[in-house]
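One structure is given here, and the rest of the page talks about it.
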Amino acid sequence: MTKLIIDTDPGIDDAMAIFYAAAAPDIELLGLTTIFGNVTTKTATRNALRLLEKAGLDLPVAKGADVPLMLPPFTPSAHVHGEEGFGDIPAEAPKGQAITEDAADFLIRMAREHKGELVVCPIGPLTNIAHAIQRDPEFVKNVKRIVIMGGSLEEGGNITPYAEANIYHDPHGADVVFGSGGNIVMVGLDVTHRILCTKEDFTSIAGQSPDLGGMLQEMSKFYLHFYETVGKFDGCSLHDPAAVIACTHPELFETRSVPLTVTCEGEESGATVVDPESLRAGTAVCMGVQSEKVKNLFLQRLALLP
Ligand code: BDR
Ligand code: CA
């Protein structure tokens with residue numbers, strides 16, 4: 001059983017990842033922390049609460065940083081995820097509220113309480129994780145692993161030709177994480193661009209899971225439309241679910257251990273770069289994936305939901 005905290009900016013594929021974690025029998029979800037990216041941190045917090053309530057999970061949600069470590073805030077990616085984060089699904093207030101502890105403090109405390117066992121899966125910009133590392137030097141030693149959705153080694157970017165969106169939105173934060181010496185896994189575009197779901201896949205999910213799967217099908221329409229406009233893919237990428245799956249099924253991914261730094265300025269800002277001169281510990285970068293197996297796990301487990 002993997003003890004997991006997801007750091008998230010929900011977001012359509014974030015919703016897919018969170019519902020997957022809710023369905024997975026090998027995941028013990030301990031809570032969610034929130035971050036800007038697809039939406040503002042305030043909206044991300046509301047959406048995270050709403051997703052947990054929809055999934056019938058009474059778990060803590062800790063609100064994260066409102067702005068990147070050093071850069072001014074970016075405009076949320078409304079053209080990819082919709083104004084409210086869930087495509088055309090209208091905003092809805094959750095019943096519950098976030099805990100008083102902020103995301104970094106919650107992560108630090110949970111890493112201490114579950115020393116050596118906690119896996120943290122950031123599927124948004126890495127600001128909260130950077131704050132946790134800067135506030136507590138023991139944080140990266142206390143966690144078992146940090147499995148990041150973000151970055152790109154050879155695939156090129158998705159928000160600029162050089163950068164993947166999560167890293168681009170806080171390059172300084174990402175650089176702190178890759179330089180932390182922790183046990184870091186990067187699930188980037190090199191693999192997530194090979195794990196695609198189609199309209200038919202979401203129809204099938206909704207057929208088996210009318211309530212939660214139905215919600216994903218509804219929001220996937222907006223996301224699939226964005227991918228159609230990009231024109232390169234036959235379906236939409238399962239970015240965030242792939243990272244959650246990598247937490248429990250590392251055998252489905254091939255990794256390359258490389259020291260990484262992040263470009264923090266200029267045209268290539270947000271690029272994840274192999275930098276042997278940095279003398280940093282290697283990040284395990286996913287370069288190969290058994291795409292069909294990852295996708296089937298996603299489809300099979302979502303089908304277990306109501
Ligand atoms: C990442 O950026 C966001 O739009 C997605 O939710 C995912 O985390 C993909 O680049
Ligand atoms: Ca995300």
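The figures here come from the full heavy-atom set of this structure, side chains too, leaving out hydrogens, waters and symmetry mates. Atoms within a ligand are numbered from 1 in the order they appear, just like the ligands themselves.
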What's the verdict on side-chain contact (heavy atoms from CB on, under 4.5 Å) for Gln134 and Phe139, showing C-alpha distance, side-chain angles and the deciding distance?
CA-CA 9 Å; Gln134 291 180 332; Phe139 176 70; over 6 Å; no
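Take the N/O/S atoms of Asp240: the one nearest the Ca ion (ligand 2) is OD2.
Ligand 1 has Asn166 within reach: a non-hydrogen atom of the residue lies less than 4.0 Å from it.
Between Asp26 and Arg301, at least one side-chain N (NZ, or NE/NH1/NH2) sits under 4.0 Å from a carboxylate O, which counts as a salt bridge.
When non-hydrogen atoms are compared, ligand 1 lies under 4.0 Å from the side chain of Asp14 (C-beta onward) but not from its backbone.
In terms of protein heavy-atom proximity, atom 5 (C) of ligand 1 is nearest to Asp13 OD1, 3.2 Å. Closest to atom 3 (C) of ligand 1 among all protein heavy atoms lies Asn38 OD1, 3.2 Å. Protein heavy atom at the shortest distance from atom 1 (C) of ligand 1 is Glu164 OE2, 3.3 Å.
Between Asp14 atom OD1 and Asp9 atom OD1, the angle centred on the Ca ion (ligand 2) amounts to 80° (nearest 10°).
In terms of polar-atom proximity, Tyr223 is not counted as a contact of ligand 1, lacking any N or O under 3.5 Å from an N or O of the ligand.
Both Phe178 and Val143 sit in one connected hydrophobic cluster of ILVMFWY residues. Membership requires side-chain heavy atoms under 4.5 Å apart, directly or through other members. A single hydrophobic cluster is seen to contain both Ile195 and Val147, as judged by linkage of ILVMFWY side chains at heavy-atom distances under 4.5 Å, directly or through other members.
For the pair His172 (side chain) and Met70 (backbone), a donor-acceptor distance under 3.5 Å is absent. With Lys293 contributing its side chain and Leu252 its backbone, the two residues share no donor-acceptor pair below 3.5 Å.
Taking the six-membered ring for Trp and the full ring otherwise, the centers of Phe222 and His81 sit at least 6.0 Å from each other. Aromatic rings of His193 and Phe233 (six-membered ring for Trp) have centroids within the 6.0 Å cut-off, being under it.
Close approach of ligand 1 to Ile123 is summarised as follows: ligand atoms under 4.0 Å from at least one heavy atom of the residue are 8 (O). Close approach of ligand 1 to Asn158 (heavy-atom distance below 4.0 Å) involves ligand atoms 9 (C), 10 (O). Of all the atoms in ligand 1, the ones that sit under 4.0 Å from a non-hydrogen atom of Asp240 are 5 (C), 6 (O), 7 (C), 8 (O). Which parts of ligand 1 touch His239 is read off a 4.0 Å heavy-atom cut-off, strictly below it: atoms 9 (C). Within ligand 1, counting atoms from 1 as listed, the ones closer than 4.0 Å to a heavy atom of Met149 are 1 (C), 7 (C), 8 (O), 9 (C).
Residue side and main chain included, Ile123 places an N/O/S atom under 3.0 Å of the Ca ion (ligand 2).
The shortest heavy-atom contact between Ser269 and Ala163 is O-CB, 3.3 Å.
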